[in-house]
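Report on the following structure.
We number each residue from 1, following the sequence as shown.
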Amino acid sequence: MAYNTVKFSAKYSYEQNIIYKEKAMKIVVLCGGISTEREVSIHSGSMVCEALRTKGHNAILMDAFFGNAKKDIFDETSDTYDVQKEKARIQSLSKTVDEIRKHRKEFFGENVIEICQKADIVFMALHGKYGEDGLCQAAFDLNGIKYTGSGYLASAIGMDKGITKQIFMAQGVPTAKSIWIKRGESTKLSDYGMKIPVVVKACNGGSSVGVVIVRKEAEYESAIDACFQLDDCILVEEYIKGREFSIGVIDKKALPVVEIIPKCGWYDYKNKYAPGATEEICPANIDEELTKKLQDAAEKAYNAIGCEPYARADIMVDEDGNLYCLEVNTLPGMTATSLIPQEAQAVGMDFSTLCEHLVQLSLKKYHQE
């Protein structure tokens, strides 16, 4: 099979060789699932699917939980394939997820494994549980299915905020003081040498679901209870007052820095996804020294948990200029206005090219020739 090499170069020391196949590929864009981020995933997936189709690939949108009744769906898709129609169909199924889960043990829906095995690669647009936590990736590994993004181990580590924190501390990634508490253990802050204000987080979650900022003693226990309803392990972290930044890393190289400025409150689920609720400045209005520190910290966090070929690090900077890495997101949001696409745009890579680029970098894991 023929390969060409294309070079993208830009400011901010981002330069990457892309290997791409000349022929169109069969690509499953996998979305939906059963997590609290199902709707966000469907939106990401539909945008990616349309982008890949504009690049000439035979890309289809598929819900991981519901699948598709047509095993030969690739044979039936053509230039008339309607991504938005399929998105609407998948969204219409969302209201039935909870009821179906009561009677069904399997995560993967009809023909999911079979269809994914027929694809050249699966673009992982899943978010949250059973998407970012490594379980889907491990199942694909066992079934010989190629997919975008990190493998099962890095995905599992990145999803668990408690384990991520321990690795950060061991690897020298700057991060806030925190405690990892399992259900049944003491939650008294005095037992751990911590005090209010703190941030309480369910260890496994995304899009700021299960994250509570506690500024008063009276709020602490209710925050603990709320997070334990979502997970058996929670993280209690010292509250960092300062500016929030996000840095995408592709193939071990940091992209331009984004500063995140919510117009009201903090960067919670509502401010992440409500139009106009948050100002995102890319590249961030900061000096070269802080830019390099943030990019270096993001690359270090990415490498610490073994991400490949892309991820996003979220970092706070306090009033004294100290950095605190909050987490690494191994499957960041992928709409045209999501953070990594904004950063890629800043180095001259449009959304469709970015999606194809991530596919090609992911294929390098499987094609080393």
Side-chain angles (χ1 to χ4, degrees), residues 1-10 12 14-31 41-62 73-74 77-79 81-84 86-87 115-116 118-127 137 140 145-151 248-256 282 307-312 329-369:
M1 184 173 293
Y3 291 84
N4 283 344
T5 300
V6 177
K7 178 177 286 188
F8 280 89
S9 61
Y12 305 97
Y14 180 66
E15 187 171 297
Q16 178 62 56
N17 288 330
I18 302 174
I19 304 298
Y20 74 94
K21 296 179 181 178
E22 290 180 328
K23 74 170 191 177
M25 287 181 281
K26 296 178 181 177
I27 303 173
V28 171
V29 180
L30 199 64
C31 68
S41 168
I42 295 169
H43 188 44
S44 282
S46 64
M47 295 287 287
V48 170
C49 192
E50 288 193 324
L52 291 172
R53 291 187 68 82
T54 66
K55 289 292 187 179
H57 299 293
N58 187 1
I60 63 168
L61 189 66
M62 186 163 65
I73 183 66
F74 280 117
T77 52
S78 66
D79 293 340
Y81 181 79
D82 191 332
V83 176
Q84 291 305 311
E86 183 61 14
K87 176 187 177 183
I115 294 172
C116 289
K118 293 179 180 180
D120 292 296
I121 194 167
V122 175
F123 194 109
M124 298 291 283
L126 291 167
H127 300 313
Q137 287 82 353
F140 282 179
I145 296 168
K146 301 179 181 69
Y147 54 88
T148 60
S150 295
V249 181
I250 298 179
D251 205 19
K252 300 185 179 182
K253 300 217 178 261
L255 289 164
C282 181
C307 296
E308 59 176 344
Y310 74 108
R312 192 193 77 226
N329 189 327
T330 57
L331 281 181
M334 281 297 294
T335 68
T337 57
S338 294
L339 298 178
I340 280 189
Q342 288 187 55
E343 296 172 55
Q345 183 66 53
V347 296
M349 192 182 297
D350 63 39
F351 183 67
S352 296
T353 301
L354 171 64
C355 292
E356 187 177 52
H357 182 34
L358 297 179
V359 166
Q360 306 304 342
L361 287 175
S362 297
L363 281 170
K364 285 174 67 177
K365 295 187 298 182
Y366 306 100
H367 299 287
Q368 300 298 327
E369 60 266 53

Within the 4.5 Å heavy-atom criterion, are C116 and M62 side-chain neighbours or not?
yes

May I ask you to test the P341-T335 pair for a side-chain heavy-atom distance under 4.5 Å?
no

Any side-chain to backbone donor/acceptor pair from D251 onto P309? Under 3.5 Å, distance only.
no

Spacing of I250 atom CD1 and M349 atom CE [to the nearest 0.5 Å]:
6.0 Å

Side chain proximity check, E86 to Y81, heavy atoms < 4.5 angstrom
yes

Distance check, rounded to the nearest 0.5 Å: R312 atom CZ versus S338 atom OG?
8.0 Å

Under 3.5 Å donor-acceptor, S44 side chain and M334 backbone
yes

Are K87 and I42 side-chain neighbours, meaning at least one heavy-atom pair lies under 4.5 Å?
yes

Quick one, I340 and L358 - any side-chain contact, counting heavy atoms below 4.5 Å?
no

Is the shortest heavy-atom distance from the side chain of F351 to the side chain of V48 under 4.5 Å?
yes

Would you give the length of the straight line joining atom CD of Q360 to atom OG of S362, rounded to the nearest 0.5 angstrom?
9.0 Å

Between R53 (side chain only) and A59 (backbone N and O only), is there a donor and an acceptor less than 3.5 Å apart?
yes

Indicate yes or no for a side-chain donor-acceptor contact from T148 to the backbone of M124 under 3.5 Å, with no hydrogens or angles considered.
yes

Determine whether a donor-acceptor pair (N or O, by modelled atom type, separation under 3.5 Å) exists between the side chain of S41 and the backbone of C31.
no

When rounded to the nearest 0.5 angstrom, what distance separates OG1 in T54 from CD in E356?
8.5 Å

Could you tell me the separation between the OG1 atom of T330 and the NE2 atom of H127, rounded to the nearest 0.5 Å?
10.5 Å

With a 3.5 Å distance limit and no angle check, can you tell me whether K365 reaches the backbone of G149 through a side-chain donor-acceptor pair?
yes

Residue pair T353 / K55, side-chain heavy-atom distance below 4.5 Å
yes

Checking L363 against M25 for the side chain to side chain contact (heavy atoms under 4.5 Å, CB included) test, could you report, in this order, the C-alpha distance in whole Å, the side-chain angles of both residues, the deciding distance, and whether it holds?
CA-CA 11 Å; L363 281 170; M25 287 181 281; 3.6 Å; yes

So, taking the atom named CG in L61 and the one named CZ in F123, what distance separates them when rounded to the nearest 0.5 Å?
12.0 Å

Using the six-membered ring wherever Trp is involved, compare the ring planes of F140 and Y147 and label them parallel, tilted or perpendicular (cut-offs 30° and 60°).
tilted

